[in-house]
Structures are given as C-alpha cells and as structure tokens.
4 protein chains.
Amino acid sequence: MARTKTVSVEQGKSSSEGSTRERPFPPGRIKIANAFIALLEQKEFSAITTAEIAKKAGVTEALIYKYFEDKRGLLHQVLKEYLEQYLVQFERDLKGIKGALNKIRKLIWGHISVYSANRVFAKILFLEVRNHLDYYSSDTYQLIRAYSKILLEIIDEGVSNGEIRSDVPPKLIRQVIFGSIEHVCLTGVIFKGEISPDDLTEDLCKFIFRGIEPVRE
Amino acid sequence: MARTKTVSVEQGKSSSEGSTRERPFPPGRIKIANAFIALLEQKEFSAITTAEIAKKAGVTEALIYKYFEDKRGLLHQVLKEYLEQYLVQFERDLKGIKGALNKIRKLIWGHISVYSANRVFAKILFLEVRNHLDYYSSDTYQLIRAYSKILLEIIDEGVSNGEIRSDVPPKLIRQVIFGSIEHVCLTGVIFKGEISPDDLTEDLCKFIFRGIEPVRE
Amino acid sequence: MARTKTVSVEQGKSSSEGSTRERPFPPGRIKIANAFIALLEQKEFSAITTAEIAKKAGVTEALIYKYFEDKRGLLHQVLKEYLEQYLVQFERDLKGIKGALNKIRKLIWGHISVYSANRVFAKILFLEVRNHLDYYSSDTYQLIRAYSKILLEIIDEGVSNGEIRSDVPPKLIRQVIFGSIEHVCLTGVIFKGEISPDDLTEDLCKFIFRGIEPVRE
Amino acid sequence: MARTKTVSVEQGKSSSEGSTRERPFPPGRIKIANAFIALLEQKEFSAITTAEIAKKAGVTEALIYKYFEDKRGLLHQVLKEYLEQYLVQFERDLKGIKGALNKIRKLIWGHISVYSANRVFAKILFLEVRNHLDYYSSDTYQLIRAYSKILLEIIDEGVSNGEIRSDVPPKLIRQVIFGSIEHVCLTGVIFKGEISPDDLTEDLCKFIFRGIEPVRE
DNA sequence: CATGAATGAGCATTCATTCAT
DNA sequence: TATGAATGAATGCTCATTCAT
C-alpha cells in the first residue's frame with residue numbers, strides 16, 4: 001500500500017538570489033505541515049481544529065499563525081507545495097514523448113499515480129479546495145490551470161495532426177479525461193481501495209481513445 | 001437561466017380520498033425545506049446556520065428539530081426527496097427505449113437535465129453529501145446505488161448484444177460515464193454557466209461511443 | 001427483588017362530599033403518571049423530558065399540561081399521592097403498639113420497607129425533591145413534617161416515661177434516626193442492592209437503642 | 001457566621017525553588033474556580049450557567065473549557081481539590097489520638113467542622129455530586145472511599161480491643177455515623193442555620209456511644 | 001523561535017410550554 | 001378528552017485567532 005509521505009517539501013528557493021542559499025523551513029513549520037497532512041488523511045479539513053494540529057505537531061497553536069495566514073492558508077500552502085513538486089515531475093515525464101495520444105496516456109498515468117501515491121493530495125483537491133470560491137482565486141488554481149492548459153494543447157496538437165477527431169470540442173474532451181480520472185480515483189480514495197495506475201491507465205486509454213463501441217471492421 | 005424550483009415535494013396527495021391516507025407535510029416543514037434549498041443555492045452547507053434557515057422559513061429554529069433529525073438530517077432528507085422524484089421520472093424516461101446505446105444516451109440526457117434544472121441538487125450531491133462518510137450509509141446512497149446499478153445493467157446488456165465492446169471492464173465504463181457527466185456539469189454549476197443538456201449529451205455521446213480517435217476507415 | 005409498582009394511585013376522594021363519588025382519574029392522566037414513574041426508575045428527574053414522558057405514555061406533551069401544573073408539579077403530585085398512601089398505612093401500623101421504643105422500631109421498619117419496596121419513592125425523596133426550595137413550601141413537605149412530628153412525639157413520650165435518656169436533645173435523636181435510615185437505604189438504592197427491612201431494622205435498633213459501646217455489666 | 005473561604009487551593013508553592021517545580025495555577029483558572037464556588041453558595045449547580053461563571057470570574061466562557069473538561073468537570077475538580085486538602089488535615093488531626101472512641105469523636109468533630117466552615121463543600125457533596133452516577137467512578141469518590149475506610153478501620157480496632165460492641169456489623173455502625181452527621185448538617189446547610197461542631201459532636205457522641213436508652217444502673 | 005494565556009463570536013440543539021381545533 | 005403545530009428562550013460548548021513575553 002502506497003504510504004503517503006509526510007515529509008514536508010523542503011522548499012527550494014522560490015526565487016534564488018546570490019546569498020545564503022535556500023534556507024530550509026524552520027522545524028516548527030515542518031512539524032505543523034506534517035501534522036496537518038497526517039490529520040487530513042483521517043478526516044476532512046473542516047473537522048480538523050487548530051488545537052488538534054498543534055497538539056499533533058507538538059507546538060502551540062499560536063505558532064501556526066506565525067507560519068501561515070490562517071487555517072485555510074495552511075491548506076492552500078500545503079497543497080501548493082505538493083502541486084509544484086508534481087508539476088515539475090510532470091513536465092519531465094512529458095519530455096521526449098511523441099504523439100498526442102502517447103502524451104495523453106502519460107498524463108493520465110502520471111495523474112493517477114499522484115493520486116494513488118498521495119491520496120491526501122487527491123482528497124484535498126477534489127473534496128476540500130475545489131468547493132470553495134477562494135480556491136478559484138488562489139495560486140493553486142493558477143497551477144492547476146496551467147496543468148489543465150497543457151492537456152488542452154496536447155489535444156489541439158492531436159486534432160491538428162489527425163490523431164484526434166475534430167468533431168468534438170477539445171474542451172469537452174479534456175473534461176471527459178479529467179472527469180474519468182477523478183471519478184475512478186475518487187472511488188479508490190473514498191473506499192480506501194487499491195488504485196493501480198498501470199491497469200487503470202491501460203483501460204482508460206483503451207476506452208477514451210476508441211470509445212465504447214466495438215471495433216467496426 | 002434554469003431556475004431551481006423550490007417547491008418541496010408534496011408527498012402523496014394532499015387531499016385525502018378513501019381512508020387515512022398519508023397526510024401532507026405540515027406547512028412548517030415545507031417552509032423549512034424550501035428555505036434550506038434556497039440557502040443552499042447561495043452558500044455551502046456548513047456555512048448555513050440553523051438560525052438562517054429558520055429566519056428565511058419564517059419559523060423558529062426549534063421547529064427544524066421537530067421535523068428533522070438535525071441539520072445534516074435536513075440535508076439528507078431534502079436530497080432524498082429530490083432523488084426519489086427523479087428516479088421515478090428516470091424510470092419512466094427509459095421505458096420503451098431499445099438498444100443499450102440509446103438507453104445510455106437517454107440516461108446521460110436525463111442526468112444532465114436534472115443537474116441543469118436543479119443545480120442545488122447537483123451541488124449537494126457532489127460537494128456536500130458525497131464527501132462525508134455518513135452518506136455511504138444513508139438511504140440516499142442506496143438510491144444512488146440503485147440508479148448506478150441500472151447503468152451497469154444497460155452496459156452489460158450492450159456487451160451481450162454486441163453494441164458495446166467487451167474488452168473494457170463494464171464498471172470502468174460506468175465510471176467514465178458518470179465521471180464525464182459530473183465533471184462537465186460541475187464546471188457549469190461552479191461557474192454558474194449555462195448547461196445545455198441537448199448539446200452536451202450530443203457531444204458526450206459522440207465521444208463516449210466512439211472515442212477520441214477519428215474514424216478509421 | 002421488590003418490583004416498584006407502577007400503578008398510579010387511584011385517588012380516594014381527597015375530601016369526600018355527598019355527591020358523585022370519587023371519580024377515577026381519566027386514562028390519560030394515569031398513563032402519564034405511570035410513564036413518569038417508570039422513567040424515574042431509570043434516570044433522574046431533570047434528565048427526563050416532557051417529550052419522553054409523553055412518548056412513553058402514548059399521549060401528547062400537551063396533555064401533561066392538562067393534568068399537571070408543569071413538570072415539577074407532576075413530580076410533586078406523584079410524590080404526594082405515594083406519600084399519602086404511605087402515611088395512612090403508617091398510622092395503622094402504629095396502632096396498638098405500646099412503648100416508645102417499640103413504636104420507634106415499628107417506624108424504622110415501616111420506613112425501610114417503603115424504601116425497599118419503592119425505590120423510586122426513596123430516590124425522589126432524597127435526591128430530587130429535598131434539594132429544591134420549592135419542596136419546603138409544598139404539600140408534600142407538610143406531610144413529611146407531620147410524619148416527622150410523630151417521631152418526635154414518640155421520642156418525647158419515651159423521655160417522659162423513662163424509656164429514653166433525657167440528656168440528648170430529642171430533635172438530635174430524631175435526626176440520627178432519620179439520618180441512619182436514609183444513609184443505609186441510600187446505599188441500597190444507589191447501588192441497586194438488596195434492602196432487607198427485617199435485618200436492617202434489627203441491627204439499627206440494636207445500635208440506636210443501646211449505642212456503640214458494649215454492655216457494661 | 002463561618003464564611004466559606006473562596007481562596008482556591010494554591011497547589012504546590014507558587015514561588016519556585018530549585019528546578020522546574022509544579023507551577024501555580026494561572027490566574028484565569030483561579031478566578032473561575034472561585035467564581036464557581038461563590039455561585040454554588042447561592043444556587044444549585046444545574047442552575048448555574050457557564051455564562052454566569054465567566055461573568056463573575058471576569059473571564060470569557062471559553063476559558064472555562066481551557067482549564068476544565070466541562071461544567072461538570074469543574075464541579076468535580078473543585079470538589080477534589082477541597083477534599084484533598086481536607087484529607088491531609090484530617091490525617092494530621094488523627095495523629096496521636098489513642099482509643100477508637102476518641103478517634104471517632106475526633107473524626108466526627110472534623111467532619112462537622114468542614115461542613116460547618118464550608119457549607120458549599122457539604123452542599124456539593126450531598127446534593128450535587130452524590131446523585132450522579134459519574135461520581136461513583138470519579139477520583140473524588142476514591143478519596144471518599146479512602147476516608148470511609150479509615151473510619152471502618154477505627155471501628156474494627158474498637159471491636160478488637162473491646163471498646164466497641166461486636167454484635168452489630170461494623171459497616172452498619174459506619175453508616176449510622178455518617179448518616180447521622182450528614183442528616184444533622186444537612187438541616188443546617190439547607191436552612192442556613194448555625195452549625196456548632198463542638199456541641200453537635202458532644203451530643204452525637206453521647207448518643208452514638210451509649211445509645212438511646214438511659215443508663216441502666 | 002516559540003509559547004502561555006486569553007478572547008470573541010458563533011452556533012447547534014434542547015426543552016418546557018401554549019393554543020387553536 | 002386529546003392532539004398537532006409551533007414557539008421562545010436559554011445554554012453548553014467550539015474554534016480560530018491574537019499578543020505580550
């Protein structure tokens with residue numbers, strides 16, 4: 001079973017300058033972030049209290065407010081750090097892959113993999129953050145949009161080179177892809193079942209690429 | 001813009017005939033349910049206070065607890081009544097339709113239509129209720145399962161008679177269908193955009209039935 | 001185990017007059033009183049709600065207020081009916097008994113017997129009613145005072161005729177007697193243990209009559 | 001009139017010596033405890049609201065829950081601190097006293113003295129706490145049991161050395177002693193009358209030691 | 001870098017009680 | 001004789017958040 005790693009992302013220098021190098025997060029901050037993530041694995045965000053976080057982290061509640069705007073800020077921050085990491089990885093994954101369909105396959109696999117490895121991440125994303133309006137004006141949302149845009153570009157590329165049919169709106173295609181991935185993973189996340197990236201990707205692609213109907217001739 | 005109708009389901013008929021018949025809901029109950037639904041259109045469940053509901057309904061807070069278990073119970077109850085109504089309609093819709101693909105098309109259309117007509121309903125379903133474990137042991141969940149089962153049977157039927165390919169697990173197909181519908185609608189719901197059942201159904205089916213790839217001649 | 005009888009006292013005419021004879025309590029009233037008593041056996045007064053009483057009685061809450069002033073009135077009423085019954089019995093018991101000590105013995109036995117047979121009664125008396133000031137201005141308190149006065153008179157009688165020492169204030173003697181009885185029974189009531197009137201009376205009298213010290217010959 | 005002292009027990013010493021030492025209670029906690037005790041003198045526990053306590057203490061309601069489990073926890077805590085203090089005193093009082101009867105006399109005196117000096121204490125003990133089942137599984141109950149056990153041992157000692165008659169069960173003797181004390185004090189507490197430890201002890205012992213009957217030559 | 005102490009505002013829920021029918 | 005519908009008022013408790021040290 002893929003254990004969610006609770007080691008808080010060591011932030012590389014967000015923007016590097018000459019001097020002291022990327023300084024690591026102070027211990028308190030790390031403890032808080034980890035405690036929070038651990039808690040998220042057990043219960044939903046709104047059910048988590050600052051008192052709980054502080055206790056689990058072994059610090060005082062006040063310290064949370066030293067490092068984060070507020071409770072929701074903590075959520076966004078943690079999510080953002082996760083996401084940034086994933087996007088870097090994702091870009092690398094896509095490098096050197098030829099063909100729109102192949103890229104889509106890789107994207108699906110990568111997407112499912114993250115969800116599979118870090119269920120909390122998945123849970124946060126589609127159960128906590130997305131429902132709130134503040135999300136849509138957050139940094140995180142911009143990251144997600146960037147990611148989402150990449151898929152759209154791949155689809156456009158596919159349409160251009162004839163790999164993908166042109167009689168269905170690309171945006172709809174994108175929605176179906178994301179919708180399928182998430183629905184499939186949601187089930188796994190909620191029921192804490194196994195999620196097998198390889199198998200799921202295989203089946204999903206088979207389906208998405210060629211549809212529901214059997215091969216005509 | 002499709003206005004969500006706030007008329008609480010009149011269960012049974014209000015005017016009795018014959019004997020004791022199931023009596024109509026008392027006015028207070030109806031007012032509460034409607035006020036609650038109206039509120040749900042504006043804000044998320046956890047942000048709605050009982051005081052607000054009572055005020056909007058023009059009754060006292062205490063009355064809420066006369067008719068519903070608690071705040072969450074109110075949510076479930078309202079949802080359940082909605083759902084029951086929809087399922088009746090849905091069964092009727094499906095009557096007389098031949099062919100698995102045609103049935104799926106109808107189902108998709110019906111599903112989107114409900115979401116389109118009753119955004120609150122959609123919102124409740126995938127933003128409020130589903131995230132909580134108590135949902136999965138509720139009456140509502142049973143209704144949803146029944147509904148879900150119907151789709152699976154249609155798919156099985158399609159596989160049997162050759163309408164649907166057999167090399168992809170039926171359950172995955174179901175997940176993709178539901179996932180697609182919901183992702184597509186979610187966008188509409190969240191951004192309060194138009195949702196056109198006819199167009200969406202058309203595109204979705206085009207896609208789901210024949211996949212992403214262009215026709216191979 | 002002496003089961004508390006839950007049959008509400010059929011009130012004899014409180015004060016008789018010529019006409020229609022003691023009319024029995026209406027069924028609703030009886031059901032309420034019985035339900036209440038049954039509830040008192042399980043939990044303390046303040047933990048019992050009118051809703052509960054009504055439900056157990058199979059009537060509406062409103063009916064309680066038809067027959068009783070309010071919740072506390074119900075308590076007092078029930079208690080009073082119990083008490084009146086007991087006092088009648090008690091007076092009869094005392095008839096024909098000679099000697100202060102013998103009378104005291106009989107009183108102790110009677111007192112313990114009631115507690116033993118009707119634990120609810122005991123519980124109400126020393127856990128619910130007595131703590132509240134309204135008790136001390138109630139009918140019930142007058143009954144208790146009457147009862148209490150009888151004991152004092154017996155003691156006085158004993159002092160006069162030399163059966164009882166005169167160098168201890170009679171009122172203190174009375175307090176010790178009541179205190180002993182109640183402490184002994186309280187234990188039984190709270191821990192739901194057996195209470196044996198005969199044995200307890202025997203031991204208590206042995207002690208109260210001759211004190212803690214061994215016989216000095 | 002013996003005024004109940006409202007100074008909350010300073011646990012440990014406030015001024016540290018040596019190392020880390022148990023630090024004194026924070027001011028808020030002390031204020032809460034004192035306010036609560038003061039309130040208990042005026043009304044019964046269930047009639048005291050958290051709002052009241054907070055107001056009287058000059059703190060916010062929330063602070064109550066920082067220092068105490070809940071309202072009932074506050075009651076138990078306050079009682080426990082009182083009790084612990086008393087038991088220490090009590091053990092010292094008993095030191096150096098010879099003879100079971102003398103010890104009993106001292107115990108009675110001490111017991112009445114506490115009640116007399118701290119009526120709230122008495123009130124809490126036999127009107128609030130004792131009626132609830134949670135009491136019987138509390139720390140406080142253990143303290144009371146310890147205290148109660150001491151009396152039993154004294155009685156046993158008296159039986160052994162011939163000071164106390166052996167034909168009455170020691171436990172019953174204990175019950176009579178406690179029952180008498182409490183009944184006698186209860187009257188004082190409820191009617192806010194004077195309680196004179198010296199006189200009461202004198203009379204009670206006279207009675208308990210030698211019983212109700214006059215001296216037989 | 002971190003904490004102890006304290007707060008302010010909210011909020012679900014309970015319950016006895018009333019009254020027209 | 002009894003009920004269905006509705007209420008008013010209270011209350012315990014939670015929680016995110018602040019700030020001096």
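Chain A is the first sequence line, chain B the second, and so forth, proteins listed ahead of strands; every chain is numbered from 1.
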Next on the checklist: Using whole Å, what does the distance between atom P of nucleotide E/dT3 and atom CD1 of A/Ile53 come to?
Outcome noted: 15 Å
Next on the checklist: If you compare all heavy atoms of C/Lys31 against all heavy atoms of C/Ala57, which two are closest, and at what distance to 0.1 Å?
Outcome noted: CD-O, 3.3 Å
Checklist entry - Where each residue is assigned the nucleotide of DNA chain E containing its nearest heavy atom, which of C/Asp70 and A/Ala62 is assigned the position nearer the 5′ end? => result A/Ala62
Next on the checklist: Classify the ring geometry of D/Tyr82 against D/Phe121: parallel below 30°, tilted from 30° to 60°, perpendicular beyond 60°.
Outcome noted: tilted
Checklist entry - Closer to the 5' end of DNA chain F via nearest nucleotide, is it D/Ser46 or C/Val59? => result C/Val59
Next on the checklist: Rounded at 0.5 Å granularity, tell me how far NZ in C/Lys71 sits from CD in C/Glu61.
Outcome noted: 11.0 Å
Next on the checklist: Quick check for you: to the nearest 0.5 Å, what is the distance between B/Ser46 atom OG and A/Glu44 atom CD?
Outcome noted: 8.0 Å
Next on the checklist: From CG of D/Leu63 over to P of E/dG4, roughly how many Å is that when rounded to an integer?
Outcome noted: 15 Å
Checklist entry - Reckon A/Thr50 touches a base, only the sugar-phosphate, or nothing at all at heavy-atom distances under 4.0 Å? => result base
Next on the checklist: Mind checking if A/Ile48 touches a base, just sugar-phosphate, or nothing, with heavy atoms under 4.0 Å?
Outcome noted: sugar-phosphate
Checklist outcome for this item: Min and max contacting nt of DNA chain F in 5' to 3' order, chain B heavy atoms within under 4.0 angstrom, are F/dA5 to F/dG8
Next on the checklist: Output the rounded distance in Å from CD (B/Glu52) to P (E/dT13).
Outcome noted: 15 Å
Checklist entry - Rounding to a whole Å, what distance do you find between D/Ile64:CD1 and E/dG8:P? => result 14 Å
Checklist entry - Starting at CD of C/Glu69 and ending at P of E/dA16, how long is that distance when rounded to a whole Å? => result 15 Å
Checklist outcome for this item: Output for pair (B/Ile48 CD1, B/Leu40 CG), nearest 0.5 Å, gives 4.0 Å
Checklist entry - How many Å lie between CD on B/Glu61 and C1' on E/dC11, as a whole number? => result 8 Å
Checklist outcome for this item: Between the CG atom in A/Leu74 and the CG atom in A/Leu79, the distance rounded to the nearest 0.5 Å is 11.0 Å
Item to check | Residue from C/Tyr67, C/Phe68, C/Phe36 passing side-chain contact (heavy atoms from CB on, under 4.5 Å) with C/Gln77 | outcome: C/Phe68
Checklist entry - Closest approach of A/Ala54 and A/Ile64, non-hydrogen atoms and distance? => result N-CD1, 4.2 Å
Next on the checklist: How long is the straight-line distance from OH of B/Tyr65 back to CD1 of B/Ile32, given to the nearest 0.5 Å?
Outcome noted: 10.5 Å
Next on the checklist: It should be established whether A/Lys66 places a side-chain nitrogen or oxygen under 4.0 Å from OP1 or OP2 of nucleotide E/dA2.
Outcome noted: no
Checklist entry - Counting any heavy atom closer than 4.0 Å, what does D/Thr49 reach on the DNA or RNA strands: base, sugar-phosphate only, or nothing? => result sugar-phosphate
Checklist entry - More 5' along DNA chain F: B/Gly28 or A/Ala47, using each one's nearest nucleotide? => result B/Gly28
Checklist entry - Taking atom C1' of E/dT7 as reference, at what distance in whole Å does atom CD1 of D/Ile32 sit? => result 12 Å
Next on the checklist: Between C/Phe25 and C/Glu81, is there a side-chain heavy-atom distance shorter than 4.5 Å?
Outcome noted: yes
Next on the checklist: By the 4.0 Å heavy-atom rule, please label A/Phe68 as base, sugar-phosphate, or nothing.
Outcome noted: nothing
Checklist entry - How does DNA chain F read in dot-bracket, base by base from 5' to 3', with Watson-Crick or G-U pairs under 3.5 Å and | used when the partner is on another strand? => result .||||||||||||||||||||
Checklist outcome for this item: Between A/Lys31 and D/Thr60, whichever has its closest DNA chain E nucleotide further toward 5' is A/Lys31
